[in-house]
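Here the structure is a predicted model, which means the values were calculated and not measured.
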Amino acid sequence: MKIQRFNLLSIFAFYITIGVLSSSFYYVERIGTLRYLSQGINQSLFRLEEDIQKSLQQNRLDTIQTLLDQASAIDDALAVISLSLDGKSIAVSSSRSLSGKRVEGEYLPLAKISEGLIEKEYLHYSSELSYFSGATKKRALLLIDLDKAFIFERLNNIAMFYGAALFLILGIVALGMFGGVRRLIIRPLERITLRALAQDGVHENHRIEELTILDEALCDSFHSMRIQQEKLKEALKESFYLDGILRTVADINQFLITAKNIDELLNESCRRLAEHPGYDLCYIALKEGDNLLLQSYSKDSTGYLYPKMKISLEGSQVDDVDPSVRAVKENRIVVMEHLEYVNSFGSWLFIAEKGQYGSMISLPLVSAIDALPLGVMTLYSKRSEGFEPKEIAMLEELAGDIGFAVHSFNQREQLKYHLTTDSITDLPNRFSLVDTLAQHNICALAIINIDRFGDINEVYGIAIGDTILAGYGHWLRLKIASQKTIALYKLGSDEYALVAAHRSNLNVFMNFLEGLISATQKESFVIEGIEIVLTITVGVAPATESVLEHATAALKQAKRKRHSMELFSHDSKHEQENNIAWYKRIKEAIEESRIVPYFQPIIDNKSGTIIKYEALIRLIEPDGTVISPYLFLEIAKKTKLYPELTKIMIDKVVKVFKNSPYPVSLNLSTQDLINPDLANYLERAIHDNGIAKQMIFEILESEGIGNYAAVSEFVDRFKSIGCRFAIDDFGSGYSNFDHLLKLNIDTLKIDGTLIKNLPHDRNAQIFVKHICDFAHEMGISVVAEFVANEEIYRHVKEIGIDASQGYYFYEPSALLIEEN
């Protein structure tokens, strides 16, 4: 752009700036003025609203008319002020011609007057007034119309003032600056420009020292530019060469992302590198043991290279070591220049001589900075002077990218193997089984479970257990080797799966499984001199959408029935669904505090009075139905809900009996007795409420006690603080009198199945009598359960039992019985 034109444009731009500044000052002042006016209007109307409200409450419209006239006269910004009592017509107005007319047009809320004036120049606003007419609260609407001429005429005057003043002042300043700049800067620059165009080497002095220096610098620059021009030509040539390499590297990097496998990746990399004008031959070899194995190479005019060619990593003499080998062993880039002058007997030099190559470079393929090389990439070039530093840097980065890609492919294959294969048995795992089942081309699925495998791990250790799993998996693989339609899979823990293909026959498959069960029992596995014999349980399900779920249900059913094999039936599925439904009902009952204790009194057989209570758990349905523990307690024990039920019973029973004179017995299962967390919780509850001497814990003898040491420790711990213990359902369980000998028991409760048979079963009478006498000899009191009628009660007293419990006396109730 010419300097004169630039000067004129500068003036034009300066005046535009003046206009923008004027507009900006006007805009700022306009906003400030309007905001000030809106605040003044708000203050005036606030006092007016208070006066109008008072007048409305006194029902004095004449006073309101006066107030409106005064407000309109005092504030010039208010054109018309009106009052509507119903929001539809004007009752009173400062413009009397509007009285009685309908309210027309849109009125903004008075709170938005500032925004309305600034953003829209809106002139109509309203304010809602509340007042009382007697006891009735009413509302009126104050309507305000602003005077447009008064408000915005001031803004126009401000705009004209600021515009004219700024334009005049800044215009004079601009003309003065223009003259000075033209004389001191523009004219000298024009002369410098003319000399620069003419490439004149003679400079002149100027009033401004910087312009003199600029003039001298331009003259010196012309000389240096001629020198740099030659250098730029050489750099441009090199740049084109490096750009070609960069494009090749970028293309290969793009392919690294889309390559489907390692072979495709390496073949394409070699081909693309060899297409670059600077290179003629490229090969990539990967490390395998003590050799480099040639994986890929570009078109080889020497005919020396071949697929899977081995290059030994062990060289006899340093001078003869292949540069590719050195690159891998030393983990560094090896460059060989001027190959025509190198004396060696290596095959790498033979390739160079036959192909008439002048230089070569070998780059190790590494997946990370500190990682060992995975292989090597070697390039041959016709140029004898070797490779540029930038070129080597780009090739090094490419080699790292290829190494990372190779490593990623290897990891992907390893990950796929680990995801689909069991690490112990090397069999396809559960993920593989799910993929197979998703193809819907099977006849049936069988899940094989090794019985009591947990005992093997506990007795012999996990290492021998894993060896057993691997050995049995290998044994199964041999057993099905001749069965072309059966596939073997390893599931979690101690389970295997056999899948019969869709062309199989279910009966034939079942017969094969029966033979497998029999063969397993006859086979012995010897591990570290230990002979172990296995038995298995098998669940089988025909092919359906839910075949895996059905086979699992069949296996559980077989375990429950203690059968070696079970074919899926919908009865087992229904049982599982019922268990799930009960689990949800129990969980909801816990969350909604619908687990409650019921209390059944225990009667002294001599006095006939209540001597204690037994707390019995109940579940209350939302509709108030009371559910017996026989329907839900066993399901709760199979889940993590059971300890929570026991804690709820502890809390609620302690709360009821801490202020009661009666003792209370609470049922504890063996699962409760060996739970240290529950024991600590129970001891804290007893200690905090001071009811140790009232607590009696009933141990369910019908469950059997396996860990006497843990149970005995629990009994001793709580007897030491004053609690008592009873054995419930005595005579129905596994160990009978053994409990009395091993545990420090206070009370024995005879099982109801014996008590209810007393009137008509002589054997029951003899057995109960012996139990009672034996207990009394040991200082243990005896309680009869299920005393349902007078006849049973008579036999109980004749035998000498101390106390009775049953429906003959009281049913379980949510409240304690009040005796007279």
Output all residues satisfying salt bridge (Lys or Arg N to Asp or Glu O under 4.0 Å) with Glu785, sequence neighbours left out; order by chain, then residue number.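 Once residues adjacent in sequence are excluded, the partners of Glu785 under the salt bridge (Lys or Arg N to Asp or Glu O under 4.0 Å) criterion are Lys749.
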
Among residues at least two apart in sequence or on other chains, which ones pass salt bridge (Lys or Arg N to Asp or Glu O under 4.0 Å) with Lys652?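 Scan of Lys652 (salt bridge (Lys or Arg N to Asp or Glu O under 4.0 Å), adjacent residues dropped) gives none.
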
Taking atom NZ of Lys612 as the centre, report whether more than 12 heavy atoms of other residues, nucleotides or ligands fall under 6.0 Å from it. yes

Can you confirm whether Glu288 is buried at CD, in the sense that more than 12 heavy atoms of other residues, nucleotides or ligands lie under 6.0 Å from that atom?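 Count not over threshold, so no.
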
Name all pairs fulfilling the salt bridge (charged side-chain N to carboxylate O under 4.0 Å, His left out) condition that reach into residues 449-464, sequence neighbours left out, sorted by first residue then second.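 Qualifying pairs, neighbours excluded: Asp451-Lys559.
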
Please, which pairs that meet salt bridge (charged side-chain N to carboxylate O under 4.0 Å, His left out) have at least one residue in residues 789-812, sequence neighbours excluded? Arg794-Glu798

Short side-chain donor-acceptor distance under 3.5 Å, [Y] and [X]:
X	Y	result
Asn605	Ser804	yes
Thr544	His550	yes
Asp422	Tyr496	no
Asp672	Ser669	yes
Thr425	Tyr472	no
Thr535	Gln521	no

Set out, in order, the CA-CA distance, both residues' side-chain angles and the distance that settles side chain to side chain contact (heavy atoms under 4.5 Å, CB included) for Glu614 and Asp728, then state yes or no. CA-CA 11 Å; Glu614 179 180 2; Asp728 195 12; 4.3 Å; yes

Check against side chain to side chain contact (heavy atoms under 4.5 Å, CB included), Met695 and Arg724: CA-CA 6 Å; Met695 295 302 299; Arg724 288 173 284 174; over 6 Å; no

For the residue pair Leu631 and Leu619, establish whether any side-chain heavy-atom pair is separated by less than 4.5 Å. no

With a 4.5 Å cut-off on side-chain heavy atoms, are Ile532 and Ile464 touching? yes

Looking at every heavy atom in both Arg618 and Ser628, which two are closest together, and how far apart are they? CD-CA, 4.4 Å

For Asp677, give me all partners under side chain to side chain contact (heavy atoms under 4.5 Å, CB included), at least two apart in sequence or on another chain.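 Expected list: Lys647, Asn675.
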
Ring centres under 6.0 Å, that's the criterion: do Phe599 and Tyr810 meet it?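 No, they do not, as the ring centres are separated by 6.0 Å or more.
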
Kindly assign one of parallel, tilted or perpendicular to the pair Phe697 and Phe725, based on the angle between their ring planes and the thresholds 30° and 60°.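 It falls in the tilted class, 30° to 60°.
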
Aromatic plane relationship, Phe714 with Phe718 - under 30° parallel, 30 to 60° tilted, over 60° perpendicular: tilted

Donor-acceptor pair, distance only, cut-off 3.5 Å: does the side chain of Ser813 make one with the backbone of Gln600? no

Set of residues satisfying side-chain hydrogen bond (donor to acceptor under 3.5 Å, both in side chains) with respect to Arg762, sequence neighbours excluded: Gln765

Scan Ile480, Val499, Leu513 and name whichever one has a side chain to side chain contact (heavy atoms under 4.5 Å, CB included) with Ile486.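 Only one option passes, and that is Ile480.
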
